[in-house]
Amino acid sequence: MKGDRVEIVVDAGDTTRTYEVVATRAGRRVETAVRRGVVEVSEVTRSGHAVRTARFMASRVLALVEQPLPGVPLREDPQAG
């Protein structure tokens, strides 16, 4: 959803760097994947095409924070209850 974002904190030697990938338009979402030692964060359209992709070495990633659109309630667990 527009407004979804993922923050990535990366070890850059003597300091850390923070990167952010945001769903910039309506209907787009942000997806994360970890494959073969690489963390990949992509902004994806409704049809599944990646618009932007950021790749980081998994050994350098310190934190990966997924933040949903503010003000949207989280889904209730249908199994609870």
Side-chain angles (χ1 to χ4, degrees):
M1 296 181 77
K2 180 179 179 180
D4 285 352
R5 65 185 187 146
V6 174
E7 290 183 48
I8 306 101
V9 181
V10 179
D11 177 19
D14 59 342
T15 186
T16 61
R17 293 193 183 203
T18 302
Y19 298 92
E20 188 174 75
V21 177
V22 179
T24 56
R25 291 189 174 182
R28 292 189 179 169
R29 63 188 184 278
V30 180
E31 294 183 350
T32 59
V34 180
R35 299 183 193 117
R36 295 186 178 194
V38 175
V39 175
E40 185 174 282
V41 181
S42 301
E43 180 182 358
V44 181
T45 62
R46 286 184 181 132
S47 60
H49 293 93
V51 177
R52 292 185 297 151
T53 301
R55 292 184 181 98
F56 305 94
M57 291 174 44
S59 61
R60 295 287 185 175
V61 174
L62 300 175
L64 186 69
V65 182
E66 297 180 12
Q67 300 178 348
L69 181 64
V72 175
L74 298 175
R75 292 185 300 162
E76 294 294 322
D77 185 11
Q79 302 295 328

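Residues take their numbers from the sequence shown, with the count starting at 1. Predicted model, so just to flag it, every value in this text is computed and none were measured.
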Val61 reachable from Val34 in the ILVMFWY side-chain graph, under 4.5 Å edges = yes
ask   = Should Val65 and Tyr19 be regarded as members of a common hydrophobic cluster, given that ILVMFWY residues are connected when their side-chain heavy atoms come within less than 4.5 Å of each other, either directly or indirectly?
value = no
key: Shortest non-hydrogen contact between Val30 and Ala23, atoms and distance   = CG2-N, 3.6 Å
request  = Measure the CZ-CD distance between Arg5 and Gln67 for me, rounded to the nearest 0.5 Å.
outcome  = 4.0 Å
key: Audit row: Val10, Thr16, side chain to side chain contact (heavy atoms under 4.5 Å, CB included) steps and yes/no   = CA-CA 6 Å; Val10 179; Thr16 61; over 6 Å; no
query = Between atom CG of Asp11 and atom CE of Met57, what is the distance when rounded to the nearest 0.5 Å?
reply = 10.0 Å
message = Go through it in stages, so that I can follow the logic: the residues are Ile8 and Phe56, the test is side chain to side chain contact (heavy atoms under 4.5 Å, CB included), and I'd like the CA-CA distance, side-chain angles, deciding distance and then a yes or no.
response = CA-CA 9 Å; Ile8 306 101; Phe56 305 94; 3.9 Å; yes
key: Residues Asp4, Arg29: salt bridge by 4.0 Å N-O rule   = no
request  = Give, for atom NE2 of His49 and atom OG of Ser42, the distance between the pair rounded to the nearest 0.5 Å.
outcome  = 13.0 Å
query = For Glu66, what residues pass the side chain to side chain contact (heavy atoms under 4.5 Å, CB included) criterion, not counting sequence neighbours?
reply = Val6, Thr32
query = What is the distance from atom CD of Glu31 to atom OG1 of Thr53, rounded to the nearest 0.5 Å?
reply = 10.0 Å
query = Is the side chain of Arg52 donor-acceptor paired with the backbone N or O of Val22 at a distance under 3.5 Å, no angle test?
reply = yes
task = Would you indicate whether the side-chain heavy atoms of Val44 and Arg28 approach each other to under 4.5 Å?
result = no
